[in-house]
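We use all heavy atoms of the structure for the numbers below, so side chains are in, but hydrogens, waters and symmetry mates are not. Counting starts at 1 for both ligands and their atoms, in listed order. In this text, all values refer to a predicted model and were calculated from it rather than measured experimentally. Numbering of residues begins at 1 and proceeds along the displayed sequence.
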Amino acid sequence: MHYVSTRGAVAPSSFEAVLLAGLAGDGGLFVPATWPRLEADDLLALRGRPYPEVAFRVMWPFVDGIEGGRFRELIAEAYAAFAHGEVAPLRQIGPNHWLMELFHGPTLAFKDVAMQLLGRLFDEVLGRRGERVTIVGATSGDTGAAAIEACRDRDSIEIFILHPLDRVSEVQRRQMTTVTSKNVHNIAVEGTFDDCQALLKDMFADQAFREATRLSAVNSINWARVMAQVVYYVYAAIQLGAPERQVRFVVPTGNFGDVYAGYVALRMGLPISRLVVATNRNDILHRFFSTGDYRPGETRPTQSPSMDIQVASNFERLLFELCDRDGAEVAGLMRQLGEDGGFRIDANERLARARAWFDSAAVDEALTNSTIARMQQRTGLLVDPHTAVAIAAAWATEADEGVPTITLATAHPAKFPDAVAASSGERPELPARLADLYEREERFAVLANDLAAVEAHVLARIS
Ligand SMILES: *Cc1c(COP(=O)(O)O)cnc(C)c1O
């Protein structure tokens with residue numbers, strides 16, 4: 001499989017190059033040159049098979065440069081780290097409505113599903129080349145923990161994660177700072193999350209530093225992360241009747257990576273009736289799917305912080321399809337976004353095409369809270385605020401007659417205990433494997449919001 005950029009200005013690239021580079025050289029995102037097919041017979045053959053086997057079959061057409069047996073081993077290791085044997089189990093919550101639980105990984109959020117594989121793929125490719133990289137990231141909570149768990153103890157990787165001092169929740173901080181592997185370095189910056197992101201950007205812009213450290217990232221635009229997320233759409237759909245029967249997915253959405261993976265599954269042939277984009281009050285994507293106008297507003301904080309996003313980085317991949325894969329046109333629209341603060345696509349043809357695939361709903365804070373309460377009353381289940389946004393969106397939109405709905409549960413309720421307790425009156429407990437999180441020893445450095453100080457700290461630890 002070869003990969004092309006959504007802005008059309010780089011030569012076709014290999015899987016390995018795409019994995020290590022993340023972003024394409026022209027500022028675009030990598031997408032496969034063609035969509036491999038999952039035929040009805042393929043889906044039937046996968047029904048009832050274990051998650052790792054489905055994972056291999058779905059991802060294999062996208063991979064090159066790794067031997068098949070080795071790829072199977074990496075998949076097996078990645079998903080052995082999950083607390084539930086099914087990795088992504090379904091739980092019925094109503095007539096024809098299921099939750100897909102994606103939070104059984106080491107850090108209790110769905111990002112583990114892709115990150116656990118990504119860390120191993122990086123290590124495999126770098127180890128074979130005899131290379132090492134320094135991964136840096138900035139986090140407001142969730143992503144940092146998933147990246148640390150994925151990269152800990154990997155020979156080819158040193159990982160540095162910046163978080164704003166005293167501005168992440170205690171669970172989130174401890175999930176990062178209690179990992180004491182030699183190659184894991186937590187930095188609490190005396191500043192805000194925006195300061196952390198600015199430091200990150202400046203480190204990448206500092207060419208001498210970038211080269212000395214072989215700087216890299218594992219951010220949400222990496223194609224391999226999308227690829228790993230396609231798997232659970234297939235796994236869930238075949239349990240509820242694919243290929244004979246269609247299913248509908250409802251996805252709590254921020255950067256558009258997760259729901260875009262659903263779109264990839266659809267393009268590969270999975271019978272998906274509709275993908276529902278569920279947003280919190282940061283509703284740029286809901287406005288886009290309603291009007292065709294893509295125009296970021298001001299980001300407002302919510303109880304579902306991993307969806308507090310205005311520019312959804314993976315959205316460019318869908319735009320590329322809506323522009324009939326014309327990279328120059330995408331580049332033009334992205335320029336317009338920067339210069340005019342937004343753009344509009346043709347409502348008759350292109351928006352209509354997008355709406356044949358996607359539905360959307362925006363959910364405010366009050367409805368998020370009442371949904372957490374209603375779920376507890378109706379089913380006895382506690383759900384986290386991100387999942388609650390999606391459940392509310394599922395209830396607010398309609399499925400075609402007889403089509404089952406699968407709503408993605410992206411975080412464990414114990415990751416957001418205060419919000420869940422405030423709405424339901426019940427405090428969610430951490431799973432047994434994390435029960436001693438509050439007693440574990442923490443390790444992190446506190447640094448000034450100063451590029452020179454952070455760079456010196458990194459350099460001193462990788463030499
Ligand atoms: C990251 C995240 C999301 C949003 O996923 P995207 O791929 O960014 O759309 C939703 N819920 C949780 C818990 C997350 O961590």
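- Taking the six-membered ring for Trp and thresholds of 30 and 60 degrees, Tyr263 and Trp35 have ring planes more than 60 degrees apart, a perpendicular arrangement.
- Arg427 pairs by the salt bridge (charged side-chain N to carboxylate O under 4.0 Å, His left out) definition with Asp418, not counting sequence neighbours.
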For residues 339-346, run the donor-acceptor check on the side chains, cut-off 3.5 Å, and write out each pair with its distance to 0.1 Å, sequence neighbours left out.
{"from": "Arg344", "atom 1": "NH1", "to": "Thr291", "atom 2": "O", "distance (Å)": "3.3"}
{"from": "Asp346", "atom 1": "OD2", "to": "Glu349", "atom 2": "N", "distance (Å)": "2.8"}
{"from": "Asp346", "atom 1": "OD2", "to": "Arg350", "atom 2": "N", "distance (Å)": "3.4"}

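- In terms of the side chain to side chain donor-acceptor pair (under 3.5 Å) criterion, residue partners of Asp112 (sequence neighbours excluded) are, by chain and number, Thr107.
- With respect to Glu321 and Arg325, a salt bridge is recorded, a charged nitrogen being found less than 4.0 Å from a carboxylate O.
- Between Tyr51 and Tyr235, the ring-plane angle classifies as perpendicular under the 30° and 60° cut-offs.
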Under 3.5 Å, N/O to N/O: give me all the pairs between ligand 1 and the protein, one per line with atom names and distance.
{"from": "ligand 1", "atom 1": "7 (O)", "to": "Gly257", "atom 2": "N", "distance (Å)": "3.2"}
{"from": "ligand 1", "atom 1": "7 (O)", "to": "Asp258", "atom 2": "N", "distance (Å)": "2.9"}
{"from": "ligand 1", "atom 1": "8 (O)", "to": "Asn255", "atom 2": "N", "distance (Å)": "2.7"}
{"from": "ligand 1", "atom 1": "9 (O)", "to": "Gly254", "atom 2": "N", "distance (Å)": "2.8"}
{"from": "ligand 1", "atom 1": "9 (O)", "to": "Asn255", "atom 2": "N", "distance (Å)": "3.2"}
{"from": "ligand 1", "atom 1": "9 (O)", "to": "Phe256", "atom 2": "N", "distance (Å)": "3.0"}
{"from": "ligand 1", "atom 1": "11 (N)", "to": "Thr410", "atom 2": "OG1", "distance (Å)": "2.9"}
{"from": "ligand 1", "atom 1": "15 (O)", "to": "Lys111", "atom 2": "NZ", "distance (Å)": "2.5"}
{"from": "ligand 1", "atom 1": "15 (O)", "to": "Asp142", "atom 2": "OD2", "distance (Å)": "3.2"}
{"from": "ligand 1", "atom 1": "15 (O)", "to": "Ser306", "atom 2": "OG", "distance (Å)": "3.4"}

